[in-house]
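Below is one structure, written out as structure tokens; the observations come after it.
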Amino acid sequence: MWISERMAKSQQTQQMQTGTSTLNDKGKVEAVSTGAERNIKMFAPYGYCFSLPKGMEIMLANGDGQQSAVGVLMEVNDIEAGEIKITSLSGAYIHLKNDGSVVINGLEINRNGVVADDI
């Protein structure tokens with residue numbers, strides 16, 4: 001029993017913390033959390049690629065002695081459970097809706113590929 005307790009105390013746990021992005025220049029991401037974090041690795045689901053804007057709140061994890069960003073704080077205000085919305089800083093967006101339709105910058109295409117205005 002005392003061996004397992006001692007081992008548990010000696011093991012380092014992965015620390016999660018939030019921070020604010022301060023720089024993204026040619027893939028070099030920096031943020032401020034409990035200190036200044038430099039050369040942060042960015043992680044996203046497969047197929048997604050983004051350039052992190054300055055001032056975003058991000059979740060940082062300490063892995064292999066280096067801070068890695070595992071996501072940004074989302075603003076969910078106009079999508080239903082199960083939907084996906086991809087938005088750029090300029091406001092351009094793609095919204096995959098539960099009914100099978102896709103909305104691209106306000107243009108709705110139904111699940112059969114017909115533009116909503118053409119129906």
Using modelled atom types only, decide if a donor and an acceptor are shared between the side chain of [X] and the backbone of [Y] within a distance under 3.5 Å.
X    : Y    : answer
E108 : V114 : no
S21  : A31  : no
Y93  : G106 : yes

For a 4.5 angstrom cut-off between non-hydrogen side-chain atoms, does [X] reach [Y]?
X    : Y    : value
T20  : M56  : no
L107 : V115 : yes
N24  : K54  : no
E37  : E30  : no
I58  : L52  : yes

Discussion item. Would you say M16 ends up clustered with V29 if hydrophobic residues are merged whenever their side chains have heavy atoms under 4.5 Å apart, either directly or through other cluster members?
Written reply: no
Discussion item. Hydrophobic clusters here meaning ILVMFWY residues chained together by side-chain heavy-atom distances under 4.5 Å, can you tell me if M42 and L23 are in one?
Written reply: no
[X] versus [Y], closest heavy-atom pair with distance:
X    : Y   : answer
R111 : D99 : NH1-O, 3.3 Å
E83  : L96 : CB-O, 3.4 Å
G19  : S33 : CA-CB, 4.0 Å
M59  : T18 : CE-CG2, 3.8 Å
I40  : A69 : CG2-N, 3.5 Å

Item to complete: Determine, step by step, whether V70 and L60 satisfy the side chain to side chain contact (heavy atoms under 4.5 Å, CB included) criterion, reporting the C-alpha distance in whole Å, the side-chain angles of both residues, the deciding distance to 0.1 Å, and the verdict.
Response: CA-CA 6 Å; V70 294; L60 297 166; over 6 Å; no
Practice prompt. Assess whether side chain to side chain contact (heavy atoms under 4.5 Å, CB included) is satisfied between I86 and F50, documenting all intermediate values.
Written response: CA-CA 10 Å; I86 304 169; F50 64 93; over 6 Å; no
Worksheet entry | Exercise: do T34 and Q17 side chains pair donor with acceptor under 3.5 Å |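 T34 vs Q17: donor-acceptor pair found between side chains.
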Worksheet item: Going by distance alone, is a donor N or O of one side chain under 3.5 Å from an acceptor N or O of the other, for S101 and N110?
Response: no
Worksheet item: Who pairs with E57 by side-chain hydrogen bond (donor to acceptor under 3.5 Å, both in side chains), at least two apart in sequence or on another chain?
Response: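 Testing E57 for side-chain hydrogen bond (donor to acceptor under 3.5 Å, both in side chains), a comparison that skips the adjacent residues, returns none.
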Item to complete: For the pair F43 and S68, evaluate side chain to side chain contact (heavy atoms under 4.5 Å, CB included) and give the outcome as yes or no after the intermediate values.
Response: CA-CA 7 Å; F43 290 86; S68 300; 3.5 Å; yes
Can you give each donor-acceptor pair under 3.5 Å made by side-chain atoms of residues 71-80, sequence neighbours left out, with the distance rounded to 0.1 Å?
from : atom 1 : to  : atom 2 : distance (Å)
D78  : OD1    : K85 : NZ     : 3.4
D78  : OD2    : K85 : NZ     : 2.6

